[in-house]
Amino acid sequence: MATVSVSSSVRFASSLKLSNATTLQVSGRPSSLKLISGGWTKKSFPSLRSTGFRVSCSAKPETVQKVCEIVRKQLALSADTELTPESKFAALGADSLDTVEIVMGLEEEFGINVEEDSSQNITTVQEAADMIEELIQKSPAA
């Protein structure tokens, strides 16, 4: 059995580096590979900071407030529990069943129908409010 080792590097940017170390073991015919391993190494990740540009699809404040009320009721949160648009349901103690109940409360309150795929992507008060605004705008009555 023969063992062949190959090592190569490729530079993507000044701070991100792909390092590929591959070991090939060949037995019998040269075309049959027994083991291939490789890996990535990272010196540092390129900066993703923006220069002051921010995209936001904020819902109306009254929609956000109504979502907060529904979340507070569904999770039985005390009046002194702070709820902001960035509040994550999981951080407030919600499990998947609680999230389903929150979505059902939102559907009832706003007269909308949330698709299952969409409901699984809702993790914060703001995401829920934005989704509600989008569904209301898409509805035929709007």
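Values below: all heavy atoms of this structure, side chains included; hydrogens, waters and symmetry mates excluded.
Partners of Glu134 by side chain to side chain contact (heavy atoms under 4.5 Å, CB included), not counting sequence neighbours, listed by chain and number: Lys138. Annotation: side chain to side chain donor-acceptor pair (under 3.5 Å) contacts of Thr124 (sequence neighbours excluded): none. Partners of Glu62 by side chain to side chain contact (heavy atoms under 4.5 Å, CB included), not counting sequence neighbours, listed by chain and number: Lys60. Thr63 pairs by the side chain to side chain donor-acceptor pair (under 3.5 Å) definition with Glu133, not counting sequence neighbours.
Looking only at side-chain heavy atoms (C-beta outward), Ile112 and Ser139 stay at 4.5 Å or farther from each other. Contact check for Val64 versus Val125: side-chain heavy atoms found under the 4.5 Å cut-off.
A distance of 10.0 Å separates OG of Ser118 from CD of Glu116, quoted to the nearest 0.5 Å. Going from atom CD of Glu86 over to atom CD of Glu127 covers 10.5 Å, rounded to the nearest 0.5 Å.
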Would you be so kind as to tabulate the donor-acceptor pairs closer than 3.5 Å made by side chains of residues 72-83, with sequence neighbours excluded?
residue: Arg72; atom: NH1; partner: Ser78; partner atom: O; Å: 2.6
residue: Arg72; atom: NH1; partner: Thr81; partner atom: O; Å: 3.0
residue: Arg72; atom: NH2; partner: Thr81; partner atom: O; Å: 3.0
residue: Ser78; atom: OG; partner: Asp80; partner atom: OD1; Å: 2.3
residue: Ser78; atom: OG; partner: Thr81; partner atom: OG1; Å: 3.0
residue: Thr81; atom: OG1; partner: Ser78; partner atom: O; Å: 3.4

Show me the donor-acceptor pairs, under 3.5 Å and distance only, between side chains in residues 99-111 and residues at least two apart or in other chains.
residue: Thr99; atom: OG1; partner: Asp95; partner atom: O; Å: 3.1
residue: Glu107; atom: OE2; partner: Val114; partner atom: N; Å: 2.8

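Among all heavy-atom pairs drawn from Asp98 and Gly93, the shortest one is OD2-O, 3.8 Å.
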